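As structure tokens, the structure follows; a few thoughts come after it.
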Amino acid sequence: QLVESGGGLVQAGGSLRLSCTASGRSISRYAMGWFRQTPGKEREFVAAIKWSGSSTYYTDSVQGRFTISRDNAKSTVYLQMNSLKPEDTAIYYCAADIAALRSTVHTMRQADFGSWGQGTQVTVSS
């Protein structure tokens, strides 16, 4: 089970750090990803990190503002979000790769992820 936390209301230009903690399973062998969804829109990819933490990948709209990281000893993945914009408002979900020890995260698709969390709401006011 994956549980996200850290969402909330923040003004534009502010920061939030989301956490995703796994319980009942280890995520140390699995790439992890963050996704987001707004009402009426499809869920979109935000960021992914390799099982080892040695490689990351971001969607263009968050590149340079968001940082994904992980602490495998704590079975936790983080998303540090800086310089937030109103268009970042969404429910943010974390998910684990369905395959272990994937060699690259740059070609991953949403279908490669399973074990979704329940989401955490991020609201950025202008």
Side-chain angles (χ1 to χ4, degrees):
Q1 181 182 6
L2 300 176
V3 178
E4 301 96 335
S5 61
L9 173 64
V10 64
Q11 289 188 330
S15 298
L16 283 174
R17 188 176 82 154
L18 306 183
S19 299
C20 170
T21 300
S23 61
R25 63 167 292 179
S26 172
I27 61 170
S28 62
R29 292 159 52 90
Y30 297 89
M32 297 293 294
W34 284 97
F35 295 78
R36 64 187 180 187
Q37 188 171 24
T38 55
K41 294 187 177 181
E42 293 194 357
R43 187 165 53 195
E44 66 170 349
F45 168 81
V46 175
I49 185 167
K50 190 175 178 178
W51 59 273
S52 62
S54 62
S55 178
T56 57
Y57 183 60
Y58 301 91
T59 191
D60 288 346
S61 62
V62 308
Q63 180 75 45
R65 299 188 299 122
F66 290 12
T67 303
I68 187 172
S69 62
R70 66 190 299 157
D71 185 338
N72 284 339
K74 296 182 178 180
S75 294
T76 300
V77 179
Y78 305 97
L79 186 67
Q80 177 67 44
M81 306 186 295
N82 298 328
S83 302
L84 282 161
K85 305 176 181 180
E87 51 264 42
D88 295 317
T89 295
I91 298 174
Y92 284 71
Y93 300 90
C94 70
D97 192 349
I98 59 176
L101 304 176
R102 191 181 296 269
S103 60
T104 179
V105 295
H106 291 69
T107 56
M108 292 186 74
R109 302 166 298 151
Q110 192 165 155
D112 294 322
F113 291 90
S115 301
W116 295 86
Q118 85 291 346
T120 185
Q121 176 71 49
V122 171
T123 303
V124 184
S125 63
S126 58

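This structure is a prediction, so every number in the text was calculated from the model and none was measured.
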Residues passing the side-chain hydrogen bond (donor to acceptor under 3.5 Å, both in side chains) test with T21, sequence neighbours excluded, are T76

**Message:** Please tell me whether I49 and Y30 are part of a single hydrophobic cluster in this structure, the criterion being side-chain heavy atoms less than 4.5 Å apart.
**Reply:** no

Looking only at heavy atoms, the pair that brings A31 and F113 closest together is O-CE2, 4.4 Å

From the list Y57, Y93, Y92, ring pair (Phe, Tyr, Trp, His ring centres under 6.0 Å) partner of F45 resolves to Y57

| Within one Ile-Leu-Val-Met-Phe-Trp-Tyr cluster: V10 and L79, side-chain cutoff 4.5 Å | yes

Q: Would you check, one step at a time, whether the test side chain to side chain contact (heavy atoms under 4.5 Å, CB included) holds for V124 with M81?
A: CA-CA 11 Å; V124 184; M81 306 186 295; over 6 Å; no

request  = Could you tell me whether the side chain of S61 reaches within less than 4.5 Å of the side chain of E87, counting heavy atoms only?
outcome  = no

The reported gap from OG in S19 to CD in Q80 (rounded to nearest 0.5 angstrom) is 9.5 Å

Quiz item: Between D88 and K85, is there a side-chain N and carboxylate O pair less than 4.0 Å apart?
Solution: no

Margin query: Tell me if a side-chain donor or acceptor on R65 pairs with a main-chain N or O of S83 at a distance below 3.5 Å.
Written below: yes

In sequence, state the C-alpha distance, the side-chain angles, and the governing distance for S5 and T120, and then conclude on side chain to side chain contact (heavy atoms under 4.5 Å, CB included). CA-CA 6 Å; S5 61; T120 185; 5.6 Å; no

Inset, instruction - Would you indicate whether R29, at its atom CZ, is surrounded by more than 12 heavy atoms from other residues, nucleotides or ligands within a distance under 6.0 Å? - result: no

Between E4 (side chain only) and G119 (backbone N and O only), is there a donor and an acceptor less than 3.5 Å apart?
yes

Minimal heavy-atom distance between S75 and S26, with the atoms involved, is OG-CA, 4.5 Å

| message | What I'd like to find out is whether the side chain of Y78 reaches to under 4.5 Å of the side chain of D71, using heavy atoms alone. | response | yes

Subject >> Side-chain touch L2/M32, heavy atoms, less than 4.5 angstrom >> reply: yes

By salt bridge (Lys or Arg N to Asp or Glu O under 4.0 Å), R17 pairs with (sequence neighbours left out) none

Exercise for the section: For I27 and R70, run side chain to side chain contact (heavy atoms under 4.5 Å, CB included): C-alpha distance rounded to whole Å, both residues' side-chain angles, the deciding distance at 0.1 Å, then the answer. Expected result: CA-CA 10 Å; I27 61 170; R70 66 190 299 157; 3.9 Å; yes

### Message
Suppose we call two aromatic rings close when their centres sit under 6.0 Å apart. Are F66 and W34 close by that rule?
### Response
no

Look at the side chain of N72 and the backbone N and O of W51, then say whether any donor-acceptor pair between them is shorter than 3.5 Å. yes

Sorted by chain and number, sequence neighbours left out, side-chain hydrogen bond (donor to acceptor under 3.5 Å, both in side chains) with Q110 holds for R43

Query - Derivation and outcome, side chain to side chain contact (heavy atoms under 4.5 Å, CB included), residues T104 and K50 - result: CA-CA 7 Å; T104 179; K50 190 175 178 178; over 6 Å; no

Quick one: do V62 and L84 end up in the same hydrophobic cluster if we chain Ile, Leu, Val, Met, Phe, Trp and Tyr together by side-chain heavy atoms under 4.5 Å apart? yes

Output for pair (I91 CD1, Q37 CD), nearest 0.5 Å, gives 7.0 Å

Worksheet item: Counting distance only, does the side-chain N/O of Y58 pair as donor-acceptor with the main-chain N or O of I68 below 3.5 Å?
Response: yes

So CD of Q121 and CG of L9: to nearest 0.5 Å the spacing works out to 9.5 Å

* If only atom types and distance count, is the side chain of R102 paired as donor or acceptor with the main-chain N or O of I98 below 3.5 Å? -> no

